[in-house]
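Worksheet for the structure shown next.
This one's a predicted model, so the numbers in the text were calculated from it and none came from an experiment.
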Amino acid sequence: MSLEIKDSGQFKVNEIIVVTKAGPIDITSIYIELNIHDSLLLPVMSGSVLIVDSIGLTGKLLFDGSESILINISKDINSDRASFKKAFRVYRQSNRKNVNQNSESYVLHFVADELIYSDQQKINQSFEDSYSNIADNILTDYLKVPKKQLAIHEPTSGIRRVIIPNLRPLEAIQWCAKRSLDIQNSPNFLFYNNIVGYNFVSLSTLLTLKQIMDIRLEPKNLRQRNSIEEMSVATSYEVLLQNDTIDKTRNGVNAGRFIGFDPMTRMFLNRNIGYGNHYNLMKHGNDTPNFTSIKNRAGQKNDEAYDSKKVLSLFGTARKYSEYIKNNDPTSISKDESYENYVFQRRAILENLIAKRLKLVMPGNFQLTSGFNVYLSAPSYARKEKGDSNEDISLTGKYVIIATRHIIGYNKHETIIEIASSSTNIPNVLSSNPQQNDLLLNYI
């Protein structure tokens, strides 16, 4: 059905039903605020609902974890576009207190039922397959997730021979994602749950998807706009982080060293890893790396300071040179873990992504969910001369949504999104100049 928007903040609560031992109970008329969360870094969606109860539900039902909650909300009563319809498990009741002699308030916390089911079992099993297929098998065989709830499923590179070490199913899938490599041998896979479903996909793929919305930062009443245009205007924003040199240095984003030891062949590996070694293996949303080349007082560039972080791990690359392994266990050469390709690099990739992060408050919109891209147009708030650009190039660009929170109250629906980018629209990679270091050393 077509979507008719008369107001950017409009929404229609079709139903919020708690399914109890005694049957379904509609709480649409007694809820005060509903919160729904999803994140690129979490395996399931969750949320909470604040209730003012004057009919004694708690005393009658004794919320014991057997309840589920059904949520159906749309932007327009006559449309299923930009809508939300999901079932969750109620797992906790908190903040219970009396409002007056006739009512009390409390919060019901809910989560995807797969988390509860996952916590009730462990996986001790060997696999010989790609990590993407292993993840798919766990979702369908262990967690019984219907195929219709599987969203993006991207193949991983190589066949691996692994043993899942006594992990819960959702933990096991995250364990697989951390070790997965794409076709460029980049360890940037993520496993997360959003409004569309469960996703096992590389960050490189996510960053290059077409943006679903062009977001503008401008006052609400700056000019005459219709309600559709208002949907793409952020009501407020906050730059959570634009750069943190210390974090980037300590987490190996700029440079570091992988030190490997193979107990079978007794060989060592020292591999220097700079910014370009992990950044260039991926695709990105904007043209320029989110990186500044800085020289320290010894004249060393920050992407060459390999002592910034060191990681010690096993590695198996040397086994392809061993005649004994070639003759007795040749499959291990290709199927054993390639620790040297992900142990150091994965942390650097994720830290580089969240090093540039903003929070936007948007009109309620369930199309805004983790894993989707938006393009942000940020104005410059400085005094401008005639002919100057009105664009803040340090913020303008393409971002991926890394977290979403929907807040639905009695008469409002807001969507708060966190967006991040590993790249920028600044035309060139910035570099420090010698005068900056000279002043640090000689300014007295």
Any donor-acceptor pair under 3.5 Å linking the side chain of [X] with the backbone of [Y]?
{"X": "N193", "Y": "M45", "value": "yes"}
{"X": "T288", "Y": "I426", "value": "yes"}
{"X": "N199", "Y": "I152", "value": "yes"}

Distance-only donor-acceptor check, side chains [X] and [Y], under 3.5 Å:
{"X": "S74", "Y": "N14", "result": "yes"}
{"X": "T369", "Y": "D38", "result": "yes"}
{"X": "S232", "Y": "R216", "result": "yes"}
{"X": "S48", "Y": "H109", "result": "no"}
{"X": "R347", "Y": "N251", "result": "yes"}
{"X": "S421", "Y": "N286", "result": "yes"}

Is it true that D136 and K147 make a salt bridge, defined as a side-chain N closer than 4.0 Å to a carboxylate O?
yes

Is any NZ, NE, NH1 or NH2 atom of the basic residue among E171 and R168 found under 4.0 Å from an Asp or Glu carboxylate oxygen of the other?
yes

Quick check: do [X] and [Y] have side-chain heavy atoms less than 4.5 Å from each other?
{"X": "E114", "Y": "V111", "result": "no"}
{"X": "Y375", "Y": "T396", "result": "yes"}
{"X": "F110", "Y": "I71", "result": "yes"}
{"X": "R161", "Y": "S126", "result": "no"}

Would you sort out whether Y275 and F291 count as a ring pair (Phe, Tyr, Trp, His ring centres under 6.0 Å), showing the intermediate values?
CA-CA 8 Å; Y275 186 90; F291 173 75; 4.5 Å; yes

Check the pair L217, L376 against side chain to side chain contact (heavy atoms under 4.5 Å, CB included), reporting the backbone distance first and the verdict last.
CA-CA 8 Å; L217 304 179; L376 177 67; 3.7 Å; yes

CG/L209 to CZ/F372 distance, rounded to the nearest 0.5 angstrom?
8.5 Å

Considering all heavy atoms, the nearest M213-N365 contact
CE-ND2, 3.4 Å

If every non-hydrogen atom of T415 is compared with every non-hydrogen atom of P363, which pair is closest and at what distance?
OG1-O, 3.9 Å

Audit row: Y324, M264, side chain to side chain contact (heavy atoms under 4.5 Å, CB included) steps and yes/no
CA-CA 10 Å; Y324 177 83; M264 190 170 292; over 6 Å; no

Ring pair (Phe, Tyr, Trp, His ring centres under 6.0 Å) between H284 and Y279: does it pass, once the steps are laid out?
CA-CA 9 Å; H284 302 271; Y279 184 88; 3.7 Å; yes

Give me the one residue out of V49, I17, L108 that meets side chain to side chain contact (heavy atoms under 4.5 Å, CB included) with I69.
V49

Among E351, E418, E238, find the one that has a salt bridge (charged side-chain N to carboxylate O under 4.0 Å, His left out) with R357.
E418

In sequence, state the C-alpha distance, the side-chain angles, and the governing distance for S313 and F258, and then conclude on side chain to side chain contact (heavy atoms under 4.5 Å, CB included).
CA-CA 8 Å; S313 173; F258 175 87; 3.7 Å; yes

